[in-house]
Amino acid sequence: QVRLVESGGGLVQAGGSLRLSCAASGGAFSSVDMGWFRQAPGKEREFVAANSWTGGNAYLGKFGDSVKGRCTISRDNAMKTVYLQIRNLGPEDTAVYYCAVLLAGTTSVRYWGQGTQVTVSS
């Protein structure tokens, strides 16, 4: 059973940036695609970004519309950790951010993390 634990959430000022981490355990992290999603209050969960374990182009340029141009996803296989950076934050980025293991080459989720709250103050 894969376990995902997100960290790095909290209160951030508008215009700032955030870096979230997702540490994985219990599975072959280096051979799975990973993704980030978020859910704002009263809204459906939405895709943010994804990263292929092959380093290939499956998710190249594929970001959620609301973060496109402001977002970077990366991973450290040795640390079994995937990272999400979002710059130029606004109140609309306030959400619970979830890490996920994806079915290869897709944004379909196999495993979810428990989520970390990010609140952006204006």
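Residue numbers start at 1 and run along the sequence shown.
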Count the heavy atoms of every other residue, nucleotide or ligand shown that sit under 6.0 Å from CZ of R3, and state whether that count exceeds 12.
no
R110 atom CZ, neighbour heavy-atom count above 12 within 6.0 Å
no
Would you sort out whether L4 and Q114 count as a side chain to side chain contact (heavy atoms under 4.5 Å, CB included), showing the intermediate values?
CA-CA 7 Å; L4 304 173; Q114 86 288 351; 5.8 Å; no
Do [X] and [Y] have side-chain heavy atoms sitting under 4.5 Å apart?
{"X": "V82", "Y": "C99", "value": "yes"}
{"X": "Y97", "Y": "L84", "value": "yes"}
{"X": "Q117", "Y": "T119", "value": "yes"}
{"X": "V96", "Y": "R38", "value": "no"}
{"X": "I86", "Y": "S17", "value": "no"}
{"X": "V109", "Y": "L102", "value": "yes"}
{"X": "E44", "Y": "F37", "value": "no"}
{"X": "V118", "Y": "D93", "value": "no"}

Is it true that [Y] and [X] share a donor-acceptor pair across their side chains at a distance under 3.5 Å?
{"X": "N88", "Y": "R70", "answer": "no"}
{"X": "D33", "Y": "Y59", "answer": "yes"}
{"X": "S66", "Y": "E46", "answer": "yes"}

Please round to the nearest 0.5 Å and tell me the distance separating atom CG of L11 and atom CD of Q13.
7.5 Å
Straight-line distance of S7 OG to R19 CZ, nearest 0.5 Å
9.5 Å
Run W36 and F47 through ring-ring contact (aromatic ring centres under 6.0 Å, His included) and show every step you take.
CA-CA 6 Å; W36 285 93; F47 171 77; over 10 Å; no
The test is side chain to side chain contact (heavy atoms under 4.5 Å, CB included); show your working for K62 and T107 and say whether it passes.
CA-CA 10 Å; K62 188 175 180 67; T107 57; 3.6 Å; yes
Quick one: does any side-chain atom of E6 pair with a main-chain N or O of C22 as donor and acceptor, under 3.5 Å?
no
